[in-house]
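Keep in mind that the numbers below use all heavy atoms, side chains included, and drop hydrogens, waters and symmetry copies.
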Amino acid sequence: MNYKFDVIVVGAGHAGIEAAYAAAKMGSKTLLLTIDINKIALMPCNPSIGGLGKGHIVYEIEALGGIMPKLCTLSYLQARMLNTSKGPAVQGLRLQINKFEYSKKAKELLLKVQNLEIKQGLVTKVITQEENNIKKIIGVQTNNSSQYFANAVIITSGTFLNGVTHIGFNTEKAGRRGEQAVPELTESLELATGIKFKRLKTGTPPRLLKNSIDFSKMEKQEASKLDYLYEFEPINVEEKVACFITATNEQTHKIIRENLEKSALYGGKITGIGPRYCPSIEDKIKRHPDRNSHHVFVEPDGENLEKIYPAGISTSLPLDVQEKYVRSIIGFENAIFTDPGYAIEYDFIEPNNLKHTLEVKTVDGLYFAGQVNGTTGYEEAAGQGIIAGINAHLKINNQEPFILSRNESYIAVMIDDIITIGVDEPYRMFTSRAERRLLLRQDNVFLRLMPYGKKLNLIDDNLYNKFLKEKDIIEKSIKLIKKLGTQSEIFKLFHSIDWTEEIQNAAKIILHENLNQEIKNYIELNNLTSRVLLCIHAEIRYAGYIEKEKIEAEKLVKYQTLKIPSEISYSQMPGLSVELQNKLKFYKPETIAAAQIIPGMTPAAVSILIFQTKVLEKQIK
């Protein structure tokens, strides 16, 4: 009986721990299998969480009851809110993380979760059987021939499937540098699913000894004044470690250009496709020959913070070339290397073979989440992991699947993108990928998604009651401000874009003074938190745009299943750019829903397509 579970999760990275945590908390007897129990939720690349678009995903994980936000609170070193010069819809929280503390706390928390068992084991095979012409997953087998059985299996293998690392022309089979790859599982998965896996590539920069770096020559990146991180509850946010910024220069670029042929990427050793939005330094210089500098973000990495992570210069060049170009950068003149940078290639399943639940279409009960689906980043992996874990539990309990719409979640935008269009490079989340950015803000994330978390039994009653109280404050305040009208002092204040601490305090007082006595007894000044005020501000500031987006969203929902006639001609379609015409010709969407998520398609372009489709329908009839 020790080998029989409800859900098995293969891999304990950021996707794996979210999947296991969700399934176990919902009541499934869950097994989490990992090669090394001491490397759970490790950060092999950038030791940070969040950023533009990515941060939105982490907030959504918190609203759904996941584990990543809790780990961030326990291990953060510095917090910065990015894009503050722009509106709240496109800002993004980014945390610098003590990655060893993050991994340690992940292990500690997971070991305390009811219904969850963690075992070490390298999975080499998935076990399936056929019933009534339906292939079903029934378990997995490890390299020591142990077999574990379950009605749902979630594969979260990261970069380990046939992983190969590259430093110049030196290659090594590894899931991460210094860790064994998983060489047999791909073949078993291909045989089970009938799907041929492909190759992707990513990379990481060298690590440098902190005391060999001259920080006095660099610009300090100031932390933000915040009273919330990703968790719902407020905390006293402090800067524990400083971060800095420097840049490459013409000498750096000259060294790299002279040695491009020695790079694994340009020397023909790498066949996998790399990430366009997080390229290696040699890729940046090859693609942008006119740029004479690129930013290098100097951030802490490692236990006791003795190492530095120079973000922006990932590489697959030989070590001697790495040392030469790194030491040409201001502040790094005497840099001592603790670890070389390297590129890694790995197998992935093309995600258009998956359902929106992340279950593969060809095997009942088999799910995939994280980098194995062609995404990049801890946040994207974790967002998929929680959805896979939730749906695995629902599936084995014969309940309706949990599928979010693009209009209510960035996680849904990501999943819809990768399974509908597929990936031709590692997928990274940006706010620009969402058509309804004004509806999908950081400040309203709990209003959007926490009711789902409660329904799924992933949010406890105590937290949910606090949320309901905040929700009531926001709704009553917005109603009051709109009632007072656009000329009122309070409306003008909340329409302001510059939310300094002084304005926040003034807003609390003015709002409190305008409330009637009944509401005053309920809403105390200290309940008007920065998140509450920001949410009210956004709803007032963008009220007209938000209403328009809601109407457009409802319109698209109405027409999502509208079939686009094969006879339609996109050439010279009025209102569509030549670029969009060409994309529509290439993707050949069969429905409005499919057209909607083509990269670059705007709401206006989709409206034109709906109109032209309906006109052509009438002509055909």
- Query: Just by distance, with hydrogens left out, do Glu172 and Tyr342 show a side-chain donor and acceptor under 3.5 Å apart?
  - Reply: no

- Please tell me if the side chains of Val423 and Pro351 come closer than 4.5 Å, counting only heavy atoms from C-beta onward. yes

- Query: Is the shortest heavy-atom distance from the side chain of Lys119 to the side chain of Thr142 under 4.5 Å?
  - Reply: no

- Message: Return the NZ to CG distance between Lys262 and Asp320, rounded to the nearest 0.5 Å.
- Response: 6.0 Å

- Taking the side chain from Thr338 and the backbone from Arg207, do they hold a donor-acceptor pair closer than 3.5 Å? yes

- Run the numbers on Asn373 and Thr375 for side-chain hydrogen bond (donor to acceptor under 3.5 Å, both in side chains), then give the verdict. CA-CA 6 Å; Asn373 287 345; Thr375 59; over 6 Å; no

- Query: Does Glu231 have any side-chain contact (heavy atoms from CB on, under 4.5 Å) partners at least two apart in sequence or in another chain, and if so, which?
  - Reply: Glu62, Pro69, Lys70, Thr73

- Message: If only side-chain N and O atoms count, and only distance matters, is there a donor-acceptor pair under 3.5 Å linking Tyr367 with Asn391?
- Response: no

- Query: Which residues satisfy the salt bridge (charged side-chain N to carboxylate O under 4.0 Å, His left out) test with Glu187, sequence neighbours excluded?
  - Reply: none

- Message: Let me confirm one number: the CG-CD1 distance from Leu33 to Ile155, rounded to the nearest 0.5 Å.
- Response: 9.5 Å

- Is Thr315 reaching over with its side chain to a backbone N or O of Ile281, donor-acceptor style, under 3.5 angstrom? no

- Message: Which residue is it: Ile67, Val113, Asp460, Leu116? I am looking for the one with a side-chain contact (heavy atoms from CB on, under 4.5 Å) to Lys25.
- Response: Val113

- Between Asn397 (side chain) and Gln399 (backbone), is there a donor-acceptor pair under 3.5 Å? no

- Task: Measure from NZ or CZ of Lys29 to the centre of the six-membered ring of Phe5 and say whether it is under 6.0 Å with the direction within 45° of the ring axis.
- Result: yes

- Task: Would you confirm whether Thr591, through its side chain, and Ala594, through its main-chain N or O, come within 3.5 Å as a donor-acceptor pair?
- Result: yes

- Query: Would you call Asp347 and Arg199 a salt bridge, taking side-chain N to carboxylate O under 4.0 Å as the test?
  - Reply: yes

- Nearest 0.5 Å please: distance from the CD atom of Glu117 over to the CD1 atom of Ile8. 10.5 Å

- Short side-chain donor-acceptor distance under 3.5 Å, Ser316 and His166: no

- Message: Check this for me: Glu261, atom CD, are more than 12 non-hydrogen atoms of other residues, nucleotides or ligands nearer than 6.0 Å?
- Response: yes

- Check step by step if side chain to side chain contact (heavy atoms under 4.5 Å, CB included) holds for Thr202 and Ile344. CA-CA 6 Å; Thr202 188; Ile344 184 167; 3.5 Å; yes

- Item | Nearest heavy-atom neighbours spanning Ile386 and Ile61 | CD1-O, 4.1 Å

- Message: With a 4.5 Å cut-off on side-chain heavy atoms, are Asn162 and Phe197 touching?
- Response: no

- Just by distance, do the side chain of Arg428 and the backbone of Lys54 share a donor-acceptor pair under 3.5 Å? no

- Task: Flag the pair Tyr427 / Ile421 as yes when at least one side-chain heavy-atom distance between them is below 4.5 Å, and no otherwise.
- Result: no

- Message: For Gly55, is there any backbone N or O sitting under 3.5 Å from a side-chain donor or acceptor partner on Gln442?
- Response: no

- Does Ser157 offer a backbone N or O that forms a donor-acceptor pair with the side chain of Gln371 under 3.5 Å? no

- For the side chain of Glu179 and the backbone of Arg176, is there at least one donor-acceptor N/O pair under 3.5 Å apart? no

- Query: Under 4.0 Å between a Lys/Arg side-chain N and an Asp/Glu carboxylate O for Lys563 and Glu590?
  - Reply: no

- Decide if atom NZ of Lys135 counts as having more than 12 heavy atoms of other residues, nucleotides or ligands within a radius under 6.0 Å. yes

- Task: For Glu18 and Gly66, indicate whether the former's side chain and the latter's backbone hold a donor-acceptor pair under 3.5 Å.
- Result: no

- Does a sphere of radius 6.0 Å around NZ in Lys240 hold more than 12 heavy atoms from other residues, nucleotides or ligands, not counting ones at 6.0 Å or beyond? yes

- Just wondering, do Tyr230 and Ile49 contact through their side chains at under 4.5 Å, heavy atoms? yes

- Task: Might you confirm whether atom CD of Glu130 has over 12 heavy atoms from other residues, nucleotides or ligands at distances under 6.0 Å?
- Result: yes

- Message: Contact between Ile403 and Thr357 at the side-chain level, heavy atoms closer than 4.5 Å - yes or no?
- Response: yes

- Nearest atoms (heavy-atom pairs only) where Ile154 meets Ala392: CD1-CB, 3.9 Å

- Task: Return the orientation label for the Tyr102 and His14 ring planes: parallel under 30°, perpendicular over 60°, tilted otherwise.
- Result: tilted

- Between the CG atom in Leu109 and the CD1 atom in Ile17, the distance rounded to the nearest 0.5 Å is 9.0 Å

- Message: Please enumerate all residues that pass ring pair (Phe, Tyr, Trp, His ring centres under 6.0 Å) together with Phe467, with sequence neighbours excluded.
- Response: Tyr464

- Here the gap from Ile57 atom CD1 to Glu380 atom CD, rounded to the nearest 0.5 Å, amounts to 5.0 Å

- Under a 4.0 Å N-O cut-off, is there an ion pair linking Lys286 with Glu282? no

- Which heavy atom in Ala192 sits nearest to a heavy atom in Val126, and how many Å separate them? CB-CG2, 3.8 Å

- Which one of Ile118, Asp6, Val9 satisfies the side-chain contact (heavy atoms from CB on, under 4.5 Å) criterion with Thr30? Val9

- Message: With a 6.0 Å cut-off (strictly less than), is the heavy-atom count around NZ of Lys583, excluding the residue itself, greater than 12?
- Response: yes

- Should Leu185 and Thr124 count as side-chain neighbours, where that means a heavy-atom distance under 4.5 Å? no

- Task: Output the distance between atom NZ (Lys107) and atom OG1 (Thr34), rounded to the nearest 0.5 Å.
- Result: 10.5 Å

- Query: Going by distance alone, is a donor N or O of one side chain under 3.5 Å from an acceptor N or O of the other, for Glu299 and Ser48?
  - Reply: no

- Query: With a 4.5 Å limit on heavy-atom distance, are the side chains of Gln384 and Ile418 in contact?
  - Reply: yes

- Item | Whether Tyr59 and Phe446 hold their rings parallel, tilted or perpendicular, with breakpoints at 30° and 60° | perpendicular

